[in-house]
Amino acid sequence: METARCRAFLAAADTGSFSKAAKLLSYTPSGVSQLVSALEADIGYPLLRRTNKGVTVTTEGEMLIPAIREFLNGEDNIYQLAADTKGLLIGSVTIASYSSIATHWLPEVISRFQADYPQIKITMLEGCRPEVNGWLDEKAADIAFTSYREPFPYDWIPLSEDKMMALLPKDHPCAELDSFPFELCRNEKLILPGFGHDDDVIPLFEEFGIEPDIRFSTVESFSALQMVEKGLGISIMNELITRNWPCEVVKIPISPPRSISFGMALASLKRSSPAVRRFVKYAESIIKNI
């Protein structure tokens with residue numbers, strides 16, 4: 001299987017257009033189209049649907065994408081290993097991360113890493129836990145900065161424990177308490193990010209046998225904090241995500257105390273490229289001292 005054909009297919013699948021894929025690969029649109037057609041001929045069935053508006057991936061094509069990404073990563077690793085033996089570390093690292101980690105931890109890590117390895121390209125994807133883990137599953141990301149929850153089918157490098165907090169309006173009856181009794185969530189209007197199904201929060205309600213009254217769901221945590229500030233309800237989040245937001249809300253730990261484990265997940269640390277392994281070492285060292 002020729003790698004040029006595979007790269008053309010992935011570029012078209014990711015961008016939804018032969019023209020956009022051509023710009024990424026420095027080809028002509030017709031060149032990309034011919035490469036994809038050749039790959040489809042090799043495999044024996046269509047991978048893309050062509051329309052006047054662009055291209056979309058077929059069901060069969062979707063099934064092949066993770067394997068094709070892994071195949072191309074293997075080729076990239078060969079070149080990276082060869083460069084590493086010469087003392088010149090090259091390559092790329094794609095990171096999938098919670099927005100809280102991307103905001104508070106990764107800028108420092110990436111800044112120091114790029115100072116030492118400017119020739120390594122860093123790409124960062126931000127999302128909620130299902131998105132982050134999905135990118136890792138699909139081979140779209142090399143490293144996922146995520147939280148630990150069983151079952152966990154990845155290599156895991158723990159970094160930090162983060163407390164779960166209650167976010168309350170300033171005039172809430174519990175605002176003066178040192179902690180927020182989680183049982184009181186039974187009678188509260190809740191505002192939850194992650195489309196109302198935060199994978200780090202919903203298990204708490206299940207643990208305590210609470211059917212949450214989710215009045216508002218948001219995509220971003222900052223939107224939820226602003227709604228709490230306006231007295232529309234309360235929210236439950238991990239502490240890291242609440243830092244440095246300019247909101248007039250009360251933040252107190254929940255009771256009994258609960259926390260989530262943050263760390264790095266990889267499909268296989270042993271099989272990762274030299275650039276990825278080097279980044280993992282940097283992140284582990286720096287984050288534990290932040």
Side-chain angles (χ1 to χ4, degrees), residues 1-11 13-14 24-25 39 42-43 47 57 60-98 101-102 105-106 109-110 112-114 116-127 129-160 261-288:
M1 185 180 295
E2 293 188 14
T3 57
R5 297 175 182 180
C6 292
R7 292 187 192 280
F9 165 62
L10 284 185
D14 290 341
L24 286 177
L25 300 173
L39 179 62
D42 286 344
I43 290 176
L47 301 176
V57 185
E60 294 80 6
E62 288 282 3
M63 293 174 63
L64 287 181
I65 283 178
I68 290 175
R69 289 195 197 280
E70 189 168 15
F71 169 67
L72 293 176
N73 287 341
E75 182 190 46
D76 292 339
N77 287 351
I78 292 172
Y79 291 112
Q80 290 185 38
L81 285 166
D84 197 26
T85 60
K86 297 177 182 178
L88 176 65
L89 194 62
I90 62 172
S92 64
V93 180
T94 301
I95 302 160
S97 173
Y98 281 11
I101 296 175
W105 290 351
L106 290 182
V109 176
I110 293 171
R112 294 195 199 179
F113 186 80
Q114 287 277 265
D116 288 341
Y117 303 104
Q119 66 273 41
I120 295 178
K121 179 183 177 182
I122 305 292
T123 302
M124 189 155 63
L125 309 171
E126 293 182 48
R129 192 173 189 274
E131 292 173 315
V132 169
N133 292 357
W135 287 320
L136 190 61
D137 288 338
E138 294 163 6
K139 314 297 183 184
D142 301 304
I143 307 168
F145 285 82
T146 184
S147 59
Y148 186 91
R149 186 168 297 281
E150 294 287 358
F152 201 82
Y154 317 108
D155 286 354
W156 176 248
I157 301 168
L159 295 172
S160 175
S261 298
F262 279 144
M264 290 179 283
L266 299 93
S268 172
L269 179 60
K270 183 177 180 180
R271 295 173 59 191
S272 296
S273 71
V276 169
R277 292 199 298 271
R278 194 68 56 90
F279 188 89
V280 166
K281 288 184 178 180
Y282 257 68
E284 187 175 13
S285 173
I286 293 169
I287 290 173
K288 287 186 176 180

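None of the values given here were measured: they were computed from a predicted structure.
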Contact check, side chains of Asp155 and Ser268, non-hydrogen atoms, under 4.5 Å: yes
NZ (Lys270) with more than 12 external heavy atoms under 6.0 Å: no
Partners meeting salt bridge (charged side-chain N to carboxylate O under 4.0 Å, His left out) with Arg271 (sequence neighbours left out): Glu70
All ring-ring contact (aromatic ring centres under 6.0 Å, His included) counterparts of Trp135, not counting sequence neighbours: none
Any Ser160 side-chain heavy atom under 4.5 Å of Trp105 side chain: yes
Ala13 to Val57 - nearest heavy-atom pair and separation: CB-CG2, 3.5 Å
Minimum-distance pair of heavy atoms, taken over all atoms of Leu136 and Ala267: CD1-N, 4.1 Å
Atom pair CZ (Phe9) and CG (Leu47), whose distance is rounded to the nearest 0.5 Å: 4.5 Å
Test log, rule side chain to side chain contact (heavy atoms under 4.5 Å, CB included), inputs Asp14 and Leu24: CA-CA 11 Å; Asp14 290 341; Leu24 286 177; over 6 Å; no
Non-hydrogen side-chain atoms of Ile101 and Leu159 separated by less than 4.5 Å: no
For residues 140-148, please give each side-chain donor-acceptor pair under 3.5 Å, one per line with the distance, not counting sequence neighbours.
residue: Asp142; atom: OD2; partner: Thr94; partner atom: N; Å: 2.8
residue: Thr146; atom: OG1; partner: Asn133; partner atom: OD1; Å: 3.4
residue: Ser147; atom: OG; partner: Tyr98; partner atom: OH; Å: 2.8
residue: Ser147; atom: OG; partner: Arg129; partner atom: NE; Å: 3.1
residue: Ser147; atom: OG; partner: Asp200; partner atom: OD1; Å: 2.7
residue: Ser147; atom: OG; partner: Asp200; partner atom: OD2; Å: 3.4
residue: Tyr148; atom: OH; partner: Glu150; partner atom: OE2; Å: 2.4

Gln114 side chain vs Ile120 backbone, donor-acceptor pair below 3.5 Å: yes
Set of residues satisfying side chain to side chain donor-acceptor pair (under 3.5 Å) with respect to Ser261, sequence neighbours excluded: Glu161
Side-chain heavy atoms of Glu138 within contact of Ile65, under 4.5 Å: no
Least distance between heavy atoms, Gly263 atom then Trp156 atom: N-CH2, 3.1 Å
Leu10 side, atom CG; Lys139 side, atom NZ - distance, nearest 0.5 Å: 13.5 Å
Closest contact, heavy atoms only, Met264 versus Ala283: SD-CB, 3.8 Å
Min side-chain heavy-atom separation Glu60-Leu64 under 4.5 Å: no
Results of side chain to side chain donor-acceptor pair (under 3.5 Å) for Ser272 - residues two or more places apart only: none
With sequence neighbours excluded, residues passing ring-ring contact (aromatic ring centres under 6.0 Å, His included) with Phe279: Phe113
Heavy-atom pair with the smallest gap, counting every atom of Cys6 and Ile68: CB-CG2, 3.7 Å
Side-chain heavy-atom pair Ile110, Met124 within 4.5 angstrom cut-off: yes
Nearest heavy atoms of Tyr282 and Val109, plus distance in Å: C-CG1, 4.5 Å
